[in-house]
Colleague: 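The structure under discussion is supplied below as structure tokens; questions concerning it will follow.
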Amino acid sequence: EVKYAHQNVGFEAVDLAAGKFLVKNRFYFTGLKKYQINYAVKANGKVVRKGKTFLDIEPQDSQELNVNVAGLQPKAGTEYFVNFWVTTTEPEILIPVGHEIASEQFRLPIEPLTVAEHKASGKTSVTTEGDEVKVTSSKMQFVFNKKSGLVTSYKVNGTEYFTEGFGIQPNFWRAPNDNDYGNGQPKREQIWKQSSKNFKVADVITEAEGNNTILTANYLLAAGNLYIVKYTIYPDGVVHADITFTSTDMEEGKTEVSEATLMATFSPGQQEARRAASKLVVPRIGVRFRLPADMNQVEYFGRGPGENYIDRQRASFVDLYKTTADAMYTNNYVRPQENGHRTDTRWVELTRKNGKGLKIVADETIGFNALRNSVEDFDSEEAVGKLRQWNNFTPEEIANRSEEKAKNVLRHMTHVNDITPRNFVEVCVDMKQQGVAGFNSWGDRPLPEHTMPANQEYKWGFTLIPVK
């Protein structure tokens, strides 16, 4: 990201539809004629055209470059990008031949055609046994527990996707990073950690829609607002989730939910919780679930190849990437914390080595983490038994340590050797996660455009598709 910000060759779009770009030489004393400019036109990560050229551009000057984008046709679910990268053609001090000194990416204005609506043969049926609502067909089983609020089973063609009943559930908390501790977020935003654990199911409604079943779960969060997850369950096991995060400033007369949900939501205690939460931002808006450990093969179409966040993504280009859940763990933080996130993801597949697994397709774009550890494993406050980062400068400071005052303020000191892979892959699917930092690490918060104020409504969704 720093290399991208400092690179000495820049690219600007002049006319994307016509393939016209401006190449800017940011060097003060070096011409560009000794550097090779490479480009590739990609459709969903696959190269469809490519080329290379040399431009004799004087220092601090610019020149137009044309890329052939004529004849590219819109296709269902297909996006086109132009990638540029500049490489050395002769050795320089500390720099070998072929070294990349600059790069850029542009999305072409060729909008994808609409993907046909999913249809499946067969029929779904609904049964209720105690706290469990079961939606089944001859090929699949989808079980929602009204008491825990979790999807405890998702089985298609004999394959169970959720490990030990840890299925889809609300998630608004990330393991605090060092910048979060620097600006006091773990204590200030604590209500969102509680909302990720102490949610209540206000109501569950099922209804038939043709041969599909719609299951709607209305969660009442600790913050006082609602998280509404509407599952459309198809007979072949495909599931679409349509999700609404209601504003903490929600009004009773303007909220379209069941009478039971309204009564639970607009009680005096909940209204007070909403007023307090309305002043806050949400660390993330998403869900999480756990897959079997051997579903660790990851392929996705989004930003990469390394971790990236909404305020740290300019150097991470949209492309097709393959990796593993094990490799997505970013272990170069001295103290374990939030890591491994990917933004602007169109879809992600998590499979076994034989290719069988689960595909998650975003309605628009999503962010995701897929790691062999849980959010709690990276959350310093959960590391009970570890010493806190106490101030030990004076005898008075040592004598006056207060565990109560230190809670969610001072880190428990953990290290990379405290992290060992678990017997699952925890997947966090987010509408968005807030940025990692402001302009410093000792008080500044992420910029407003990189946050999600709780007093706004958010809608998003994704589709689960079994991969055979």
Side-chain angles (χ1 to χ4, degrees), residues 124-136 140-154 162 165-173 191-192 194-210 212-234 239-278 282 285-289 363 429 431 454-464:
T124 57
S125 60
V126 182
T127 57
T128 301
E129 301 176 12
D131 291 323
E132 291 189 336
V133 179
K134 294 184 178 181
V135 182
T136 58
M140 59 80 63
Q141 169 183 280
F142 185 93
V143 181
F144 182 87
N145 188 292
K146 294 187 289 185
K147 185 176 182 179
S148 68
L150 275 63
V151 178
T152 55
S153 177
Y154 175 43
F162 297 151
F166 198 96
I168 301 174
Q169 59 196 274
N171 189 31
F172 312 101
W173 188 249
I191 191 65
W192 300 114
Q194 301 311 313
S195 293
S196 302
K197 300 192 300 183
N198 301 328
F199 45 77
K200 299 177 181 178
V201 179
D203 200 9
V204 178
I205 302 169
T206 59
E207 56 185 310
E209 184 184 65
N212 308 323
T213 293
I214 296 177
L215 187 156
T216 303
N218 295 315
Y219 294 94
L220 178 59
L221 305 180
N225 62 323
L226 293 171
Y227 202 48
I228 303 168
V229 184
K230 177 182 174 183
Y231 298 103
T232 300
I233 305 163
Y234 295 82
V239 176
H240 178 259
D242 185 77
I243 306 174
T244 301
F245 176 98
T246 67
S247 166
T248 48
D249 288 346
M250 60 191 292
E251 298 177 30
E252 185 172 358
K254 298 180 180 179
T255 305
E256 297 182 7
V257 289
S258 67
E259 188 64 29
T261 301
L262 285 174
M263 290 180 64
T265 307
F266 290 97
S267 62
Q270 298 302 326
Q271 290 175 336
E272 187 175 328
R274 283 196 299 279
R275 279 195 293 270
S278 284
V282 192
I285 294 177
V287 298
R288 65 169 171 161
F289 52 86
D363 285 3
V429 181
M431 181 200 80
N455 60 0
Q456 295 181 18
E457 181 178 87
Y458 302 94
K459 291 180 178 289
W460 67 292
F462 59 89
T463 301
L464 300 178

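Because the structure is a prediction, the values reported are computed rather than measured.
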Colleague: For a side-chain hydrogen bond (donor to acceptor under 3.5 Å, both in side chains) check, start with the C-alpha distance between Ser153 and Gln141, then their side-chain angles and the critical distance, and finish with the verdict.
Modeller: CA-CA 7 Å; Ser153 177; Gln141 169 183 280; 3.0 Å; yes

Colleague: Cation over ring, Arg274 on Phe266, under 6.0 Å and within 45°?
Modeller: yes

Colleague: Quick one: do Ile191 and Trp173 satisfy side-chain contact (heavy atoms from CB on, under 4.5 Å)? Show the steps, please.
Modeller: CA-CA 9 Å; Ile191 191 65; Trp173 188 249; over 6 Å; no

Colleague: With no hydrogens and no angle check, is any side-chain donor or acceptor of Thr246 less than 3.5 Å from a backbone partner on Leu226?
Modeller: yes

Colleague: Could you check whether any side-chain heavy atom of Gln169 comes within less than 4.5 Å of a side-chain heavy atom of Val287, counting everything from C-beta outward?
Modeller: no

Colleague: Measuring only between side-chain heavy atoms, which start at C-beta, is Leu150 closer than 4.5 Å to Phe162?
Modeller: no

Colleague: Mind checking whether Ile168 and Tyr231 have side chains closer than 4.5 Å, heavy atoms only?
Modeller: yes

Colleague: To the nearest 0.5 angstrom, please state how far the CE atom of Met250 sits from the CD atom of Glu457.
Modeller: 9.0 Å

Colleague: Check whether any side-chain heavy atom of Leu220 lies under 4.5 Å from a side-chain heavy atom of Phe199, and answer yes or no.
Modeller: no

Colleague: With a 4.5 Å heavy-atom cut-off, do Leu221 and Lys200 have their side chains touching?
Modeller: no

Colleague: Please state whether the rings of Tyr227 and Phe172 are parallel, tilted or perpendicular, taking 30° and 60° as the class boundaries.
Modeller: perpendicular

Colleague: Taking all heavy atoms of Ala277 and all of Ala454, pick out the closest pair and write down the distance.
Modeller: O-CB, 3.5 Å

Colleague: Given the rule in the side-chain contact (heavy atoms from CB on, under 4.5 Å) test, do Val282 and Phe245 qualify, once you have shown the distances and angles that lead to the verdict?
Modeller: CA-CA 11 Å; Val282 192; Phe245 176 98; 3.8 Å; yes

Colleague: Any donor and acceptor pair, going by atom type alone, linking the side chain of Glu251 with main-chain N or O of Asp249 inside 3.5 Å?
Modeller: no

Colleague: Taking atom CZ of Arg275 and atom OG1 of Thr248, what is their separation to the nearest 0.5 Å?
Modeller: 11.5 Å

Colleague: I'd like to check Lys147 versus Val201 (side-chain heavy atoms, cut-off strictly below 4.5 Å). Are they in contact?
Modeller: no

Colleague: Heavy atoms only: give me the nearest Ala222-Ser195 pair and the separation to one decimal.
Modeller: N-OG, 3.4 Å

Colleague: Rounded to the nearest 0.5 Å, how far does OG1 of Thr152 lie from CZ of Phe166?
Modeller: 12.5 Å

Colleague: When you compare the side chain of Glu132 with that of Phe144, does any pair of heavy atoms fall below 4.5 Å?
Modeller: no

Colleague: List the steps, then state whether side-chain contact (heavy atoms from CB on, under 4.5 Å) holds for Thr206 with Val133.
Modeller: CA-CA 9 Å; Thr206 59; Val133 179; 3.9 Å; yes

Colleague: Could you list the donor-acceptor pairs under 3.5 angstrom formed by side chains in residues 212-219, with sequence neighbours left out?
Modeller:
residue	atom	partner	partner atom	Å
Thr213	OG1	Thr124	OG1	2.7
Asn218	ND2	Thr261	OG1	3.2
Tyr219	OH	Gly149	O	2.5

Colleague: Contact between Ile233 and Met140 at the side-chain level, heavy atoms closer than 4.5 Å - yes or no?
Modeller: yes

Colleague: List for me each residue that meets salt bridge (charged side-chain N to carboxylate O under 4.0 Å, His left out) alongside Glu129, sequence neighbours excluded, and say none if there are none.
Modeller: Lys134

Colleague: Between CG of Asn171 and CH2 of Trp192, what distance do you get to the nearest 0.5 Å?
Modeller: 12.5 Å

Colleague: Please confirm whether the backbone N or O of His240 pairs with a side-chain atom of Thr463, one donor and one acceptor, at under 3.5 Å?
Modeller: no

Colleague: If you apply the rule side-chain contact (heavy atoms from CB on, under 4.5 Å), what do you find for Ile243 with Ile228, and how did you get there?
Modeller: CA-CA 6 Å; Ile243 306 174; Ile228 303 168; over 6 Å; no

Colleague: Should the ring pair Phe142 and Tyr154 be called parallel, tilted or perpendicular, given that the plane angle runs from 0 to 90° and is split at 30 and 60?
Modeller: perpendicular

Colleague: Working to the nearest 0.5 Å, report the span between CE of Met431 and OG1 of Thr244.
Modeller: 11.0 Å

Colleague: Give a yes or no on this: more than 12 heavy atoms of other residues, nucleotides or ligands lie within 6.0 Å of atom CD of Glu272.
Modeller: no

